[in-house]
Amino acid sequence: MTTVAVFADPPVEGFVLPEMTDGLLDESEATALYAAMLADVCRAVEASGAELLVNYRPDDQVPDGVDSESAIRDTLDEELNAPDDARYEVQVGSTFAGRVGNTVTHLLEREEVATVAAVEPTAALLARQQIDSAAMKFRSSDVVLGPSTDGRVYYAGFGEPVDFEGAYATPAVETLVDRAADADFGVDFLPMNPVVETPADLRTVVPLLRARLKTGRVVPPRTTTKLVEEFGLNVRDGDDGTDLFRE
């Protein structure tokens, strides 16, 4: 069984999705979107054959007065089918790559977990099928990556630890492949999937969600409700190319 570690920040205004507030969303909406994506990602893991581990930021890395674990639990307890089955652990490390490395290495070497994957709530379109597909790919590869736009990754899975120092340097997908190659590990890939971190990402994701809705395909329900139904986001031709607007 793969353990999927979701590296979560507490959904607090002004702390999550900071780049989103440069576009059409205010801080409250960006926070609500982050909470929706966090719930969709964790629900996808729960629905798969993987174990859900919610890795939360320590309180000294979040705004003063915020109880990181409680804020995340409050978001997920009403969204998961079996919230008591979710495992919560604090992240350790000063950088994202360091935190991923510490979690992955601990699980693989100390707890002897078979395979570990790292994802973020911004991987909102991550689905059960992709998680289960990755589990199959681990049978022949030590590292499984889900590439996203701009060289990012929405899924990074490991059967053996790599050198994680700077492993998420841009472009993360290439850097992680280099780390795997340095360790002589085989690498396989999941289909490309967009992440939701910036206004530019919304120009990719919103039309995709709307197209899936029109054809009756699976969408991340909470994320789609926020972006399409509540925020009314859409994409049209603008004066300087494709533009994002609110209906």
Side-chain angles (χ1 to χ4, degrees), residues 3-22 25-43 45 51-80 83 86-111 113 116-124 126 148 150 152-158 161-172 175-176 179 195-199 201 222-223:
T3 296
V4 177
V6 180
F7 287 77
D9 291 337
V12 175
E13 286 189 25
F15 185 62
V16 295
L17 299 180
E19 293 185 54
M20 284 295 186
T21 57
D22 293 334
L25 306 184
D26 60 27
E27 288 186 351
S28 175
E29 291 169 331
T31 304
L33 173 59
Y34 185 88
M37 295 193 297
L38 171 62
D40 278 334
V41 168
C42 289
R43 182 67 189 93
V45 178
E51 176 191 28
L52 171 61
L53 168 61
V54 182
N55 251 197
Y56 59 90
R57 292 281 286 273
D59 289 346
D60 61 0
Q61 294 183 8
V62 302
D64 290 343
V66 174
D67 184 323
S68 186
E69 181 181 0
S70 293
I72 294 169
R73 282 184 181 271
D74 288 345
T75 299
L76 294 179
D77 279 353
E78 295 183 359
E79 302 291 351
L80 297 176
R87 176 178 171 185
Y88 286 80
E89 288 188 356
V90 66
Q91 299 174 22
V92 178
S94 58
T95 66
F96 181 72
R99 294 191 289 271
V100 171
N102 286 330
T103 295
V104 170
T105 302
H106 173 79
L107 290 171
L108 290 175
E109 296 186 347
R110 297 297 181 88
E111 298 193 17
V113 171
V116 181
V119 302
E120 295 179 79
T122 52
L126 179 68
S148 188
D150 297 326
R152 294 169 291 181
V153 294
Y154 67 89
Y155 179 103
F158 307 90
V162 300
D163 179 3
F164 282 97
E165 184 175 356
Y168 280 79
T170 304
T175 306
L176 286 165
R179 293 291 190 274
V195 294
V196 186
E197 297 173 347
T198 69
D201 294 332
R222 302 158 191 86
T223 302

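Computed from a predicted model, the values in this text were never measured in an experiment. Positions are given from 1 along the sequence.
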Compare all side-chain heavy atoms of [X] with those of [Y] and state whether any distance is below 4.5 angstrom.
| X | Y | answer |
| --- | --- | --- |
| Tyr168 | Leu176 | yes |
| Met37 | Val16 | no |
| Val90 | Tyr56 | yes |
| Phe164 | Thr105 | yes |
| Thr103 | Leu53 | yes |
| Arg87 | Glu51 | yes |
| Asn55 | Arg99 | no |
| Arg179 | Thr175 | yes |

Q: Inspect the surroundings of CD in Glu111 and state if more than 12 heavy atoms from other residues, nucleotides or ligands are less than 6.0 Å away.
A: yes

**Q.** Thr122/Glu197 under side chain to side chain donor-acceptor pair (under 3.5 Å): CA gap, chis, key distance, verdict
**A.** CA-CA 6 Å; Thr122 52; Glu197 297 173 347; 3.1 Å; yes

**Q.** Donor + acceptor pair across side chains of Glu27, Thr21 (<3.5 Å)
**A.** no

Q: Take Glu13 and Thr31 through the side chain to side chain donor-acceptor pair (under 3.5 Å) test and state the conclusion after the steps.
A: CA-CA 6 Å; Glu13 286 189 25; Thr31 304; 5.2 Å; no

Q: Mark yes or no for whether Asp77, through its side chain, and Pro83, through its backbone, hold a donor-acceptor pair below 3.5 Å.
A: no

Q: Could you tell me whether a side-chain N or O of Asp163 sits under 3.5 Å from a main-chain N or O of Glu165, the two making a donor and an acceptor?
A: yes

Measuring from [X]:[atom1] to [Y]:[atom2], what's the distance to the nearest 0.5 Å?
| X | Y | atom1 | atom2 | result |
| --- | --- | --- | --- | --- |
| Leu17 | Leu25 | CG | CG | 8.5 Å |
| Ile72 | Arg57 | CD1 | CZ | 9.5 Å |
| Tyr155 | Leu126 | OH | CG | 8.5 Å |
| Glu69 | Asp74 | CD | CG | 10.0 Å |
| Leu107 | Phe158 | CG | CZ | 12.0 Å |

Q. Pick from Leu76, Val4, Leu80: which one makes a side-chain contact (heavy atoms from CB on, under 4.5 Å) with Leu52?
A. Leu80

Nearest heavy-atom pair of [X] and [Y]: which atoms, and what distance?
| X | Y | result |
| --- | --- | --- |
| Pro11 | Thr75 | CG-OG1, 3.3 Å |
| Val196 | Ala124 | CG2-CB, 4.4 Å |
| Asp9 | Tyr34 | N-OH, 2.8 Å |
| Val100 | Ala118 | CG1-CB, 3.8 Å |
| Asp59 | Ser68 | OD1-N, 2.9 Å |
| Val54 | Cys42 | CG2-SG, 4.3 Å |

Q. Regarding Arg73 and the six-membered ring of Tyr88, is the cationic atom NZ or CZ under 6.0 Å from the ring centre and inside 45° of its axis?
A. yes

